[in-house]
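Side chains are part of it too, since the values below use all heavy atoms of this structure and drop only hydrogens, waters and symmetry mates.
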Amino acid sequence: MSTDQDLLTDGLLTHPYAVYDRLRDTAPVHRVTGPDGSPAWLVTRYDDVREALADPLLSLDKRHALPGGYKGFALPPALDANLLNMDPPDHTRIRRLVGRAFTTRRVEQLRAPIRRTADRLLDALGTNGGPHGSTDLIAAYAAPLPITVICDLLGVPHEHRRDFRAWTDALVAPDPAKPQAAKEAVVAMLGFFTQLLADKRKEPADDLLSDLIAVRDESDSAGNGRLTEDELMSLAFLILFAGYENTVQLIGTAVLALLQHPGQLAALRADPTRLPAAVEEFVRYDGPALLAIRRFPREDVTIGDVTVPAGETVLLSLAAANRDPRRFPHADRFDLGRDATGHLALGHGIHYCLGAPLARLETEIALAALLERLPDLQLDGDPGDLRWRPSLRARGLLTLPVTY
């Protein structure tokens, strides 16, 4: 065991991979201070992280947590009854209800609509033979693409989409100068989802949210509801939040990696059929989730050579595991030729990311459109001046200035 009391002062926000390299080399498990200042155990090596992700003794249910430990977002019950806080059998029941919407086959049907959205966004940049220019690729492309896709899938009205981006930013990367912003965002989201569900009940449409409401309002053979009202609202929140947030960051970091490695960019342009495999390296090399959702041992568990007492908080570093040279040779090297299968960026076990097929497809299409239509895409400015989100939870660029 090693003790690193305050990761925030250790450079994790600014140079996460260098810090994780040091932690991983020093010891498999570290006693750290969580994002909210409470104690936790940080696991950094690939084999330990992979095993822990699938360990049924490590619960996501906050009822197994000791008082005073890190528990993650503080959400009201109506938003907190989601898959990220559940173990079987509730997790199994809810995941089965919604999983059919995110199968690879169902998601593939979205390919054409996603490409139309990507082309429309690029049209706005004047890329059809128009003048060259410059833009912030996050604001102009990486953010509006996934928010449009997930909102279309759920059936969220256009006028609310900009608000939702601001709310998620306030939750994932709180501004220390605005201590009330996160609480205000939660209140706003609660009101938004309450009204949205009421509207969908009055006027159902051909969208996922209307389908989930129908499931909620039906009964099983025993006369019990298949979803509680809190579970329905929490599920809508999770799909919208995770379906947007992670894909924005993945598209942004993937584009940055290509622009910083022109040889690999040229190879991908020459053979775009490599894009699906390339997405696996993008997400391994610099994925959006630095940490998996916190876990709480149901009983004392041994991870590596450390015994973690029951109820204490365990943080599994997906980022450190994916850069572990024991699993990926030359792990700090961005290499589109490597076999990146087996990475943990999207989880492992029963809590593997539900939206993984959609995130992969959106990233593939977003990059395909850029490669085709912006042949002279370049970073605008010094890479050292890029600003990253001040978050231990999610890694992503605040802006990505480019010329084209």
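Judged by distance alone, the side chains of D80 and N85 do bring a donor and an acceptor atom under 3.5 Å apart. Side-chain polar atoms of D271 and T273 form a donor-acceptor pair below 3.5 angstrom. Counting only N and O atoms by type, the side chains of S134 and D380 include no donor and acceptor under 3.5 Å apart. Counted by atom type alone, T341 and D339 present one or more donor-acceptor pairs between their side chains at under 3.5 Å.
The closest side-chain heavy-atom distance from L190 to L75 is not below 4.5 Å. Looking only at side-chain heavy atoms (C-beta outward), L315 and V43 stay at 4.5 Å or farther from each other. Between P401 and L379 there is no side-chain heavy-atom pair separated by less than 4.5 Å. In this structure, the side chains of V156 and I150 stay at 4.5 Å or more apart for every pair of heavy atoms. Taking 4.5 Å as the limit, every side-chain heavy atom of L291 sits out of range of all side-chain heavy atoms of L316. The shortest distance between side-chain heavy atoms of D25 and Y20 does not fall below 4.5 Å. Looking at L42 and V29, their side chains never come closer than 4.5 Å, going by heavy atoms from C-beta outward. Contact annotation: the side chain of E229 approaches that of R216 to within less than 4.5 Å [non-hydrogen atoms, C-beta and beyond].
Between Q260 atom CD and F334 atom CZ the span is 9.5 Å, to the nearest 0.5 Å. Distance check: L370 CG to Y141 OH gives 4.0 Å after rounding to the nearest 0.5 Å. For the atom pair T313 OG1 and L66 CG, the distance stands at 8.0 Å (nearest 0.5 Å). The CG atom of D207 sits 11.0 Å away from atom SG of C151, with the distance rounded to the nearest 0.5 Å. The distance from atom CD1 of I365 to atom OG1 of T117, rounded to the nearest 0.5 Å, is 9.5 Å. Between the CD1 atom of I303 and the CG atom of D47 there is a distance of 13.0 Å, given to the nearest 0.5 Å.
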Given salt bridge (charged side-chain N to carboxylate O under 4.0 Å, His left out), test E372 with R115 step by step and report yes or no.
CA-CA 12 Å; E372 290 175 21; R115 180 57 197 247; 2.9 Å; yes

The test is side-chain contact (heavy atoms from CB on, under 4.5 Å); show your working for L212 and I239 and say whether it passes.
CA-CA 12 Å; L212 292 174; I239 293 172; 4.3 Å; yes

Given the rule in the salt bridge (charged side-chain N to carboxylate O under 4.0 Å, His left out) test, do D55 and R295 qualify, once you have shown the distances and angles that lead to the verdict?
CA-CA 10 Å; D55 190 344; R295 283 157 164 79; over 6 Å; no

Apply salt bridge (charged side-chain N to carboxylate O under 4.0 Å, His left out) to the pair R105 and E108, showing each step before the final yes or no.
CA-CA 5 Å; R105 183 182 64 82; E108 185 63 28; over 6 Å; no

Passes salt bridge (charged side-chain N to carboxylate O under 4.0 Å, His left out), R226 versus E231? Steps please.
CA-CA 10 Å; R226 299 169 70 191; E231 286 171 348; over 6 Å; no

Going through the checks in order, is the side-chain contact (heavy atoms from CB on, under 4.5 Å) test met by L258 and L336?
CA-CA 10 Å; L258 288 173; L336 294 182; 4.0 Å; yes

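Of the possible donor and acceptor atoms, none in the side chain of T103 sits under 3.5 Å from a partner among the backbone N and O of G99. Looking only at distances, no side-chain donor or acceptor of S317 sits under 3.5 Å from a matching main-chain atom of T44. Formation of a donor-acceptor pair under 3.5 Å by the R269 side chain with backbone atoms of L371 is found in this model. Side-chain N or O atoms of N82 include one that pairs as donor or acceptor with a backbone N or O of L79 at under 3.5 Å. Looking at T253, its side chain does come within 3.5 Å of a backbone N or O of Q249 through a donor-acceptor pair. Side-chain N or O atoms of T92 include none that pairs as donor or acceptor with a backbone N or O of P88 at under 3.5 Å. In this structure, D300 contributes its side chain and T307 its backbone to no donor-acceptor pair below 3.5 Å. Side-chain atoms of R338 come within 3.5 Å of backbone atoms of R333 as a donor-acceptor pair (strictly under, hydrogens ignored). Between the side chain of R326 and the backbone N or O of R45, no donor-acceptor pair lies under 3.5 Å. Panel note: side chain R298, backbone L58; no donor-acceptor pair is recorded below 3.5 Å.
Less than 6.0 angstrom separates the ring centroid of F192 from the ring centroid of W167.
Seen from the ring of Y70, R294 does not count as a face-on cation partner, given the 6.0 Å and 45° thresholds.
Minimum interatomic distance between L145 and A118 (heavy atoms only, all atoms of both residues): CD1-N, 3.9 Å. Minimum interatomic distance between A101 and V107 (heavy atoms only, all atoms of both residues): O-CG2, 4.2 Å. The two residues D136 and L400 make their nearest non-hydrogen contact at OD1-N, 2.8 Å. Considering all non-hydrogen atoms of both residues, G342 and F328 come closest at C-CZ, 4.1 Å. Summarising the geometry of E362 relative to P146, their closest heavy-atom pair is OE1-CA, 3.0 Å, with the distance given to 0.1 Å. Heavy-atom minimum distance, S210 versus A205: OG-N, 2.9 Å.
In this pair, H261 and Y285 present their aromatic rings perpendicular. The plane angle is above 60°, beyond the 30 to 60° band.
Residue H343 is tested with E280, H348, R323, R50 for a side-chain hydrogen bond (donor to acceptor under 3.5 Å, both in side chains); the sole match is E280. Tested against L53, the residues L318, I293, D48 include a single side chain to side chain contact (heavy atoms under 4.5 Å, CB included) partner, L318. With P357 as reference, T104 is the one residue of L110, L346, T104 to meet the side chain to side chain contact (heavy atoms under 4.5 Å, CB included) rule.
Atom CD of E203 is surrounded by 12 or fewer heavy atoms from other residues, nucleotides or ligands within 6.0 Å. Annotation: K183, atom NZ; neighbour count of heavy atoms from other residues, nucleotides and ligands within 6.0 Å does not exceed 12. Surrounding CD of E51 are at most 12 heavy atoms belonging to other residues, nucleotides or ligands under 6.0 Å away.
Between D123 and R373 a salt bridge is recorded (basic side-chain N to carboxylate O distance below 4.0 Å). Using a cut-off of 4.0 Å between Lys/Arg side-chain N and Asp/Glu carboxylate O, R24 and D21 are scored as salt-bridged.
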